[in-house]
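This report refers to the structure that appears directly beneath it.
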Amino acid sequence: MGEFRVHRVRFFEYQPKAIQCIVYGKEINRVALSRSDGSIELFDLKNDWYQDKVIPGSESKSIETLCWQGERLYSGGLDGDVVEYDLKKLEPKASASSNAGPVWCLTTDSHGKFLAAGTEDGCVVLFDTDYHSLQYYRSFDKQEGRILSIAWNTSLEVILTGGVDNMRLWSVKSGHAVQRMTLGRLDKHKETIVWCVAILSDMTLVSGDSRGRTIFWNGKQGTQIKSFQMHQADVLCLAVHESEKQVFSSGVDPKVVQFQYTTTSRESDWNMWVRTKIWYQHTHDVRTLAVTPTEVISGGVDTNLLANRLGNEKNKRKMRSIPMHHLVGVAKERNALLLQYPDYLELWRLGNTRKTSDKDGEVLPEEIPPQKLIQLKTKDGQHITCSAVSPQANWMSYSDIDGLKLYRINMTEAESIRPSINIKKVKKHLPAFSAHRLVFTPDENFLIVATSCQQIVVISLEEDSVSVYHTWENYSEDSIHQLSVSPDSRLVAVADLSYKVTVLELKSKEVVCQLPSYKSTVTAMTFTPDNQNLITAYADQKIYEFDVQKKEYSDWCRKVCNNFPNVWMKRHQKIFCICTSPNYPDKIFFSDLDKFFILDKTQPFPEKYTRPYTLVARPNSSKMTAFHVCTRFRYLMHMDFVHDDWVVMVERTKLAMMESLPMAMQQKKFGT
């Protein structure tokens with residue numbers, strides 16, 4: 001398959017944040033989660049859990065609760081505001097103050113007209129969301145202590161809240177409490193906190209509290225039906241399946257417990273709640289749960305998102321906490337890397353060696369170590385949405401929610417010593433909108449910007465000034481999430497989340513062609529070295545090659561597009577890096593988070609129903625197959641070619657990410 005020398009980069013200290021909330025939107029078939037840095041990630045379940053959107057956060061903002069209302073997404077936090085998000089622009093759309101302190105919990109009525117928030121001051125606050133608005137409506141009677149959990153039964157017009165030592169049922173019409181249920185204490189000096197509540201259509205209430213108990217209540221009479229001591233510490237979250245026959249709980253001791261409403265015996269018609277299953281998969285506190293029709297989803301301090309298939313214990317999914325969008329940029333001609341952290345950028349020069357070896361996997365000694373050249377921080381801790389560096393590292397750009405920033409870099413040539421660097425900010429003639437994606441052309445004449453308003457803006461770069469060269473207005477119906485420029489800097493390919501892929505010509509400002517409509521989202525794409533073909537990888541694991549000149553799929557693509565082996569199509573990890581090399585014109589190089597692949601177009605595909613271990617050829621294998629794999633790198637955050645046969649592999653090991661996590665709850669295990 002050819003020899004490669006690899007820059008194995010491990011100095012990118014990216015650290016994923018803890019998951020705060022997870023909510024499932026049935027109407028939109030998406031899962032939204034928030035992290036402790038205030039960012040929100042959206043997963044498209046139609047495309048097999050593809051993370052297609054990220055709403056950046058801010059160090060000054062916190063998100064304590066999320067809520068779907070149809071296709072609209074809301075959050076509440078410590079600033080006391082309820083915020084609605086624009087899911088196309090990926091930014092806040094509207095906000096309204098609770099007028100009652102921080103918002104700890106949020107729920108919606110089934111009609112999609114009102115939100116109810118539980119606040120620090122002990123008030124239930126209603127917000128009117130009808131007619132696409134968001135405004136304060138009214139408050140219920142104030143109670144003593146904060147409201148930490150809330151649930152709404154629209155048909156009976158009651159709201160259930162949980163706080164300190166008690167739960168309350170509220171009448172939506174009057175705003176008065178109609179039922180108060182008191183919880184006992186394990187220690188008279190220690191309060192019992194009701195962290196989570198749920199209310200079923202038959203007025204069965206469910207609560208999870210700081211004693212580790214999950215309790216089922218008769219809401220009509222205010223009495224306990226059954227209490228389960230399944231957790232050794234606080235129960236922080238509950239989730240109810242849409243059938244209302246299954247309830248899930250979890251918390252500080254990181255296990256997920258399933259309760260089921262079932263008959264006590266085959267001969268009996270009497271139903272009761274029983275504990276049926278326990279999952280032990282998390283290492284730290286589980287802060288949030290959600291349920292789809294087929295899966296229970298959990299997340300917490302260990303930063304991982306887990307999905308367990310209901311009724312099938314072997315079908316488990318672990319979504320890595322590394323985002324799908326690129327956090328690494330490569331200046332190929334300068335041998336430099338741009339690393340994107342939440343609120344700052346770092347430009348590094350890669351190390352170098354003149355040594356070579358015929359031994360596979362040998363570590364070559366560094367003659368020149370990597371050097372950090374630039375660290376650039378954002379204003380007021382704003383989170384970066386995207387960034388890019390030009391091939392010669394003469395330009396650097398990033399965008400946050402406030403807009404696009406562009407910098408001119410002057411760097412002296414110095415191999416063995418630290419180069420002299422001068423960086424200057426360009427302030428004029430930049431688009432007023434923030435950007436979702438950025439890419440420089442290889443000749444450094446243009447910066448391509450996919451704006452938050454679904455525009456494609458081409459910025460002309462000159463030595464001392466910049467100007468807007470051309471704008472494609474109203475290009476897309478949804479967010480643009482992929483950009484790729486041809487090696488000759490003539491064409492740019494644009495992919496959006498409405499499944500549209502278009503090739504544009506920069507100098508003539510014309511649309512060259514549009515790829516045939518396909519049912520899946522593009523996860524990565526690149527041009528071939530001869531500028532003739534566009535290679536696209538999709539969320540359903542297909543890889544297509546489109547001839548831009550002929551405006552049709554290539555001969556190779558037509559031959560193999562329906563012959564991908566079943567074991568390949570069943571993969572869950574998405575291809576998020578794909579590239580080609582002029583030294584290997586018949587090979588496609590790509591990676592997911594766990595593996596680096598080479599697809600040789602000159603070799604045959606395996607049989608469609610081949611066994612998993614015969615799908616790919618391992619290194620040094622004599623077996624002839626189109627798929628070759630390397631599993632030495634985990635977790636891969638970026639992969640690309642630089643000089644000749646050098647490949648950059650940026651990885652972040654699991655151990656490195658786990659080291660910064662807080663201590664988990666100590667649990668006694670058998671034999672210790």
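What you see is a predicted model; the values in this text were computed from it and never measured.
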NZ/NE/NH1/NH2 to OD/OE distance under 4.0 Å, [X] and [Y]:
X      : Y      : result
Glu651 : Arg10  : yes
Lys255 : Asp253 : yes
Arg211 : Asp209 : yes

Do [X] side-chain atoms and [Y] backbone N/O form a donor-acceptor pair below 3.5 Å?
X      : Y      : result
His231 : Arg213 : no
Lys53  : Leu87  : yes
Ser520 : Ala539 : yes
Thr288 : Ile22  : yes
Arg35  : Thr303 : yes
Thr523 : Ala537 : yes
Thr378 : Asp343 : yes
His481 : Val522 : yes

[atom1] of [X] to [atom2] of [Y]: how many Å apart, nearest 0.5 Å?
X      : Y      : atom1 : atom2 : answer
Ser298 : Leu289 : OG    : CG    : 6.0 Å
Asp302 : His282 : CG    : NE2   : 5.5 Å
Ser243 : Gln260 : OG    : CD    : 8.0 Å
Glu84  : Arg72  : CD    : CZ    : 4.0 Å
Met649 : Asp640 : CE    : CG    : 10.0 Å
His572 : Gln541 : NE2   : CD    : 9.0 Å

Q | Plane angle bin for Phe259 and Phe228 - parallel if under 30°, tilted between 30 and 60°, otherwise perpendicular | A | tilted

Q) What is the ring orientation for Tyr341 with Tyr344, classed by angle as parallel under 30°, tilted 30 to 60°, or perpendicular over 60°? A) parallel

If you compare all heavy atoms of [X] against all heavy atoms of [Y], which two are closest, and at what distance to 0.1 Å?
X      : Y      : result
Leu310 : Phe248 : CD2-CZ, 3.5 Å
Ala117 : Leu106 : CB-CD1, 3.6 Å
Leu115 : Gln69  : CD2-NE2, 3.8 Å
Glu64  : Val103 : CB-O, 3.8 Å
Val83  : Ser95  : CG2-CB, 4.1 Å
Val648 : Val650 : CG1-CG2, 3.8 Å

**Q.** Any side-chain donor near an acceptor of the partner, Asn47 and Thr521, under 3.5 Å
**A.** yes

Q.
For Asp37 and Ser39, which I'm curious about, is there any donor-acceptor pair between the side chains at under 3.5 Å?
A. yes

Partner residues of [X] under the side-chain contact (heavy atoms from CB on, under 4.5 Å) criterion, sequence neighbours left out:
X      : answer
Tyr261 : Lys245, Asn271, Trp273
Gln51  : Glu41, Phe43, Val54, Pro323, Met324, His325
Glu91  : Lys89, Ile401, Ser434, Ser452

Any non-hydrogen side-chain atom of [X] less than 4.5 Å from a side-chain atom of [Y]?
X      : Y      : answer
Cys105 : Ile147 : yes
Leu497 : Asp44  : no
Ile322 : Leu593 : yes
Gln573 : Lys595 : no
Tyr635 : Lys654 : yes
Val256 : Gln281 : no
Tyr24  : Leu45  : yes
Phe11  : Leu339 : yes

Could you list the donor-acceptor pairs under 3.5 angstrom formed between side-chain atoms of residues 186-200 and any protein atom two or more places apart in sequence or on another chain?
from, atom 1, to, atom 2, distance (Å)
Asp187, OD1, His189, N, 3.0
Thr192, OG1, Gly184, O, 2.7
Trp195, NE1, Asp234, OD2, 2.8

Q: Using salt bridge (Lys or Arg N to Asp or Glu O under 4.0 Å) as the criterion, list what pairs up with Asp48, not counting sequence neighbours.
A: Arg317, Lys574

Q. Could you go step by step and tell me if Asp592 and Arg571 meet the side-chain contact (heavy atoms from CB on, under 4.5 Å) rule?
A. CA-CA 10 Å; Asp592 57 24; Arg571 294 172 65 251; 2.3 Å; yes

Q.
So, using ring pair (Phe, Tyr, Trp, His ring centres under 6.0 Å) as the criterion, who are the partners of His326 when residues are at least two apart?
A. His638

Q. Taking it one step at a time, do Asp52 and Leu42 satisfy side-chain contact (heavy atoms from CB on, under 4.5 Å)?
A. CA-CA 6 Å; Asp52 58 356; Leu42 283 86; 4.2 Å; yes

Q: Could you give me the CA-CA distance, side-chain angles and deciding distance for Met167 and Leu183, then say whether side-chain contact (heavy atoms from CB on, under 4.5 Å) is met?
A: CA-CA 8 Å; Met167 300 191 304; Leu183 286 81; 4.1 Å; yes

Q: Go through the steps to decide whether Ile63 and Gln20 satisfy the test side-chain contact (heavy atoms from CB on, under 4.5 Å), and finish with yes or no.
A: CA-CA 8 Å; Ile63 294 179; Gln20 292 283 100; 5.9 Å; no

Q. Should the heavy atoms of other residues, nucleotides or ligands under 6.0 Å from CD of Glu244 be counted, would the total exceed 12?
A. yes

(Q) Is it the case that over 12 heavy atoms from other parts of the model lie below 6.0 angstrom from the NZ atom of Lys226? (A) yes

